Every structure is written in C-alpha cells, then in structure tokens.
Amino acid sequence: MTSATLTIDTGAIARNWQSLDARTEVETGAVVKANGYGLGAPVVARVLARAGCRSFFVATAEEGATLRAALGQGPVIYVFSGHMDGDTGAIREGRLTPLLNSVDQMLRHVEALPGSPFGLQMNTGMNRLGMQASEWSALRDIAVAQRPALIMSHLACADEPDHEMNARQLNTFREMTDGIDAPRSLAATGGTLLGEAYHFDLCRPGVGLFGGLPFAEAEAVVTLDAPVIQVRDVAAGESVGYGNMWIAQRPSRIATISAGYADGLIRAMGNGIGAHVYADDTALPIVGRVSMDLITVDVTDLGHDPANLQLLGAHQTVDDLATAAGTIGYEVLTSLGHRYARRYTE
Ligand SMILES: *Cc1c(COP(=O)(O)O)cnc(C)c1O
C-alpha cells in the first residue's frame, strides 16, 4: 500500500476523557469540531458517548448534523457559531442546541424555532464570539425566562496558567452570570486544568482528548507510519529535493517516503529544522524540502533500509512535530490529510 497509515487509538481517547473527567466534580463534555480534530468526528464521538459523554460541541450546524447522524437522539449537541442565517433546517432536523452569540441570533432563534433549546455565549474578553456585557444586560431577563440549556464563555490564555487574563475573564464571567439559574461552562482543556474555580457546571475539553497540550499527561492517540518508496545512495556534494536545499556532506543513504504537505506534513517541517522520523527507536533527520507527496530522510546511520518510517507516535508527539515546524499541536492534528488510510484501534 502506498498511502501512509494513520492509526487512531480510540481507547486512549476514552481514557483521556475519563482522566479529565476525574479531575473535576462536574460534567465533562467533548469538543469534536473540525471532524473531531481531524481524527473522524463520527467514530470519536461514538467512542466518547460509550465512555459516558452526554454533551458534544461542534463549530457549525453542518458539523452538528453529521454528528447527530452518528450519535442518534440521546446526546446534546451544542453549536458554537450559534444560529446563523440558513441554519434553521439543520438545527431543527439535527435537534441541535445553538450557543447564541448576539441579540440578532436570539431573535432569529426564537422566531424560527420557538421553544427549541438554545444556549448563550458571552464575550468575557477574547473578543471572538459571544454577547457583550451591555447587550447581555438588556437581554438577560428575557433570555433567562426561556431557560437556556447552558451559558458559556471561552478563555484566551488558559494554556498559560499564570496569565492574568485567566482571572480577569473568570471575574467577568461571574459578573455576567452569577445568580442566574442555568448551567454554566467556561473551561476547555486548559481551563479544566486551572482548577475548580474554572469548572462551573460543565467542562468542554477538545485537544486534551486527542493527546495534545496543554494536557501534558494525556495518552498519545495518533501514530503515523509512511511506507518507504525508494532508497538510494547519494554521493558527497550531491543535493536532495527542490531548490537543492540539502547537500550531502558525506556519502549518504536517502529514503523517500509516501507523505507530504498535501497530507498535512507542512513544508516548514523540511530541511533541518529539527523534525525527525523514526525507524523503531532511531531518530532520522528529514532532509531537503517537504514536497506535496514525498519526504526525503537521511537513513545513513540506520545501517539498513527501512520498509516504513514513523512520523508520529511514541517517540514524536503531535506537539513535538508542531514545535519543530513552528506551529501548535492543534494545527498538526487538524491538518492530517485525507489520503491516509485511517485505522482505528482499541
Ligand atoms: C475549540 C474550543 C474548545 C476546545 O478547546 P481545547 O483547547 O481544544 O480544549 C472549547 N470551547 C470553545 C469555544 C472552542 O472554540
């Protein structure tokens, strides 16, 4: 088989959820937007539902419709983008719970789907989504009378526990919502780890379920193995790849693997920036530029020609690879491509 294999350990996803759930006294939901952080929302969500998760979060109503088909009627599915123009059919048919972000969305929702469930999103300082304090004070009594399923906000700096923004947003969230008779949620993965003050009634981790920072104790979830297509000898002074970006300093053995930037292995991972691939326990440098479908690796020090090389796994986490490429684990995960053979294990 020519395509690389992405192995997704669904048991590890369930255990990461349980382990975050065990850190709080409150309900733990799961964020499975962007196709479950690239790992396949239907499979991931079914695994989490089996582990006991009852509240799921997605970015858009379209994602919510897909998720409803995978999960059946039981779980609650919240939509962060709220109720957009054109979403009414998907919300009704998918029995989705939009997290309304503005007075306009509130009006649209109660006019289009009177009596159907909704939550409310507050802007506590991130200035991305949610109602302003002024807007909220005008709407608050009317909205609360309709019994929101959840009132939530999102932290901008929760991956930095000492950042003063965390306490500032916590205070703002309390000022906007204290005394209201509705369940509240502030914490994603980072906020879950900040401690009890941030937990309210429901935590909603995403990346930590999939083995990413800031949940440092997470179990690794993904393994990525690419087959070697060809191995060749390169003489000292010869170059490898586009732009002649790598020149052999010694007689070298170069393996070409079947994966590239079209598979989410971004071009910034190329040529000597510290990203490696692994042959069992041996780290081998990526040399030359990453191309669309191929990556070249210096296997000289291995002493034999490997059949496969590993890009993600026990030796190199999603965050290790992200750091080497100047990005974050979230981006590496959600970029993992469509060409991989996806294999789900327990
Ligand atoms: C993506 C997202 C989450 C999950 O964040 P993680 O850092 O992946 O745990 C939670 N809430 C909102 C509003 C989000 O956009």
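Position 1 is the first residue of the sequence; numbering continues from there. Each ligand, and each atom within it, is numbered from 1 in the order the structure gives. Computed from a prediction, not measured in an experiment: that's the story for all the values here.
- Between Glu217 and Arg23 there is a salt bridge, since at least one side-chain N of the basic residue sits less than 4.0 Å from a carboxylate O of the acidic one.
- Taking all atoms of both residues into account, the shortest heavy-atom contact from Asp201 to Pro183 is OD2-CA, 3.3 Å.
- Side-chain N or O atoms of Tyr340 include one that pairs as donor or acceptor with a backbone N or O of Asp263 at under 3.5 Å.
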Check ligand 1 for N or O atoms under 3.5 Å from a protein N or O and list each pair with its distance.
{"unit_1": "ligand 1", "atom_1": "7 (O)", "unit_2": "Tyr330", "atom_2": "OH", "d": "2.6"}
{"unit_1": "ligand 1", "atom_1": "8 (O)", "unit_2": "Tyr37", "atom_2": "OH", "d": "2.5"}
{"unit_1": "ligand 1", "atom_1": "8 (O)", "unit_2": "Val207", "atom_2": "N", "d": "2.8"}
{"unit_1": "ligand 1", "atom_1": "9 (O)", "unit_2": "Thr189", "atom_2": "N", "d": "2.9"}
{"unit_1": "ligand 1", "atom_1": "9 (O)", "unit_2": "Thr189", "atom_2": "OG1", "d": "2.5"}
{"unit_1": "ligand 1", "atom_1": "9 (O)", "unit_2": "Gly206", "atom_2": "N", "d": "2.8"}
{"unit_1": "ligand 1", "atom_1": "11 (N)", "unit_2": "His154", "atom_2": "ND1", "d": "3.3"}
{"unit_1": "ligand 1", "atom_1": "11 (N)", "unit_2": "Arg204", "atom_2": "NE", "d": "2.9"}
{"unit_1": "ligand 1", "atom_1": "11 (N)", "unit_2": "Arg204", "atom_2": "NH2", "d": "3.1"}
{"unit_1": "ligand 1", "atom_1": "15 (O)", "unit_2": "Lys33", "atom_2": "NZ", "d": "2.7"}
{"unit_1": "ligand 1", "atom_1": "15 (O)", "unit_2": "Arg128", "atom_2": "NH2", "d": "3.1"}

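- Within the 3.5 Å criterion, the main-chain N or O of Thr2 finds a donor-acceptor partner in the side chain of Ser258.
- A heavy-atom distance below 4.5 Å is found between the side chains of Leu336 and Arg342.
- Under the rule for a side-chain hydrogen bond (donor to acceptor under 3.5 Å, both in side chains), the partners of Asp178 that lie at least two apart in sequence or sit in another chain are Arg174, Arg184.
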